[in-house]
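A short write-up of the structure that comes next.
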Amino acid sequence: MVIIMQNRDVFEKDRKYIAHTYNRFSAAIKSGYGAQAEDYEGKKYIDFGSGIGTNSLGFCNDKWVQAVVSQVKQLQHTSNLFYTLPGSLLAEFLCKITGYSKVFFGNSGAEANEGAIKIARKYGMEIKGEKCNRIITLENSFHGRTITTLSATGQDIFHQSFFPFTEGFCYVPANDSQALHNAVDDTVCAVIIELVQGESGVNVLNKKYVKDIEQLCKDKHILLIVDEVQTGVGRTGTFLCSEQYGIYPNVITLAKGLGAGLPIGAVLMDKLTENVFQAGDHGSTFGGNPVACAGAVEVLKQVANKDFLMDINFKSDYMYEKLSAMPNVTDVSGMGLMFGLSLKKYLGAGEAAKKCVKSGLLILTAKEKLRIMPPLNISKKEIDIGLNILRECLSDTLL
Ligand SMILES: *Cc1c(COP(=O)(O)O)cnc(C)c1O
């Protein structure tokens with residue numbers, strides 16, 4: 001047994017044995033509590049990234065730890081060949097909060113979107129025939145890393161290798177109703193959108209456009225699928241971001257924040273789509289794992305609460321104002337606790353983020369922007385410490 005004591009030991013082992021698909025920050029996080037973490041040398045960090053929006057309750061939230069630990073001691077897994085209580089409790093809770101009818105559980109955002117895409121294709125075939133299998137997505141979208149969800153992702157940069165991709169996707173520019181109208185014909189079974197495009201820069205879709213999409217989909221009997229993998233579970237200040245747009249999509253996918261850091265994804269289906277999947281149509285060995293589900297039930301207990309959501313909105317307004325006044329910040333986009341910061345030309349987001357991490361602030365980027373997604377329950381005091389570090393880093397023009 002090797003006892004690891006220094007960050008460097010972790011870096012070396014990782015670089016030697018883990019496939020180099022990530023350019024990691026130079027920080028090895030050892031432990032955390034709330035919105036604060038520590039590395040192997042005792043250096044402290046404030047968390048403005050929440051593990052890319054997953055640690056919705058921060059690090060090691062007491063009640064969530066309790067829910068997870070008590071489930072893992074009782075029963076960790078049975079496969080989907082048997083009934084277990086945590087999955088059905090979570091599904092019931094999700095349906096009651098959102099008004100949806102049925103849920104399918106997988107393990108990730110990409111897997112949730114794969115499920116939604118399968119529903120769309122089967123639905124299309126059943127109502128309009130085999131030719132009705134095409135799906136429209138938006139330019140600059142992000143829907144995952146599997147071959148099919150890469151196809152769904154409307155960014156050329158993701159379509160350079162790994163041929164052949166799944167056929168049947170086409171892309172239209174966001175916020176352009178005419179382009180969408182022009183793209184629709186009898187071969188289209190669904191439209192998939194993110195309401196706030198997270199990975200490509202925290203770009204918020206405009207409300208009228210989204211309402212237009214919903215109306216068009218209704219008129220043409222096309223499914224509207226909203227990818228809320230990043231925006232869902234309170235991130236934007238309502239439980240679902242769709243609520244703020246006044247829309248009721250046929251299918252919604254969730255993942256990131258739902259598990260508070262354990263892997264889980266969910267496909268929510270409305271009355272129209274709840275019976276599209278029949279026995280044998282879809283599955284996932286780990287999907288609906290009791291430990292992840294027991295933790296997610298605790299997430300819903302805390303997040304699907306009026307006061308908790310209101311607090312997100314207070315913190316959002318506070319942070320928006322402070323972020324807008326930061327040196328070298330030219331624009332702040334986003335909703336709730338999901339922000340994109342445009343920087344003056346000479347400050348690269350990547351370099352700025354490295355500087356932040358070095359200074360004790362865990363932060364994200366999204367294309368050319370800095371991206372901020374703190375745990376939903378971050379305290380005002382932690383916000384202020386984080387903002388001070390950020391201000392100092394952005395004041396330094398010699399990044
Ligand atoms: C992160 C993300 C995904 C992919 O989720 P994974 O869990 O990494 O598969 C899909 N859609 C959106 C909007 C995301 O932000």
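As a basis for the values below, the full set of heavy atoms in this structure was taken, side chains included, without hydrogen atoms, waters or symmetry mates. As the structure lists them, so they are numbered: ligands from 1, and atoms in each ligand from 1.
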Using a cut-off of under 3.5 Å, which N/O atoms of ligand 1 pair up with protein N/O atoms, and what distance separates each pair?
| unit_1 | atom_1 | unit_2 | atom_2 | d |
| --- | --- | --- | --- | --- |
| ligand 1 | 7 (O) | Gly109 | N | 2.8 |
| ligand 1 | 9 (O) | Gly109 | N | 3.4 |
| ligand 1 | 9 (O) | Ala110 | N | 2.7 |
| ligand 1 | 11 (N) | Phe142 | O | 3.3 |
| ligand 1 | 11 (N) | Asp227 | OD1 | 3.4 |
| ligand 1 | 11 (N) | Asp227 | OD2 | 2.8 |
| ligand 1 | 15 (O) | Gln230 | NE2 | 2.6 |
| ligand 1 | 15 (O) | Lys256 | NZ | 2.6 |

Strictly by modelled atom types, are [X] and [Y] linked by a side-chain donor-acceptor pair under 3.5 Å?
X	Y	value
Asn388	Glu392	no
Asp270	Thr273	yes
Thr187	Arg134	yes

(Q) Please enumerate all residues that pass side-chain hydrogen bond (donor to acceptor under 3.5 Å, both in side chains) together with Asp156, with sequence neighbours excluded. (A) none

Q: For Phe48, check ring pair (Phe, Tyr, Trp, His ring centres under 6.0 Å) against everything at least two apart and list the hits.
A: none

Q.
Show every ring pair (Phe, Tyr, Trp, His ring centres under 6.0 Å) that has at least one partner inside residues 84-139, sequence neighbours left out.
A. Tyr100-Tyr248, Phe104-His282

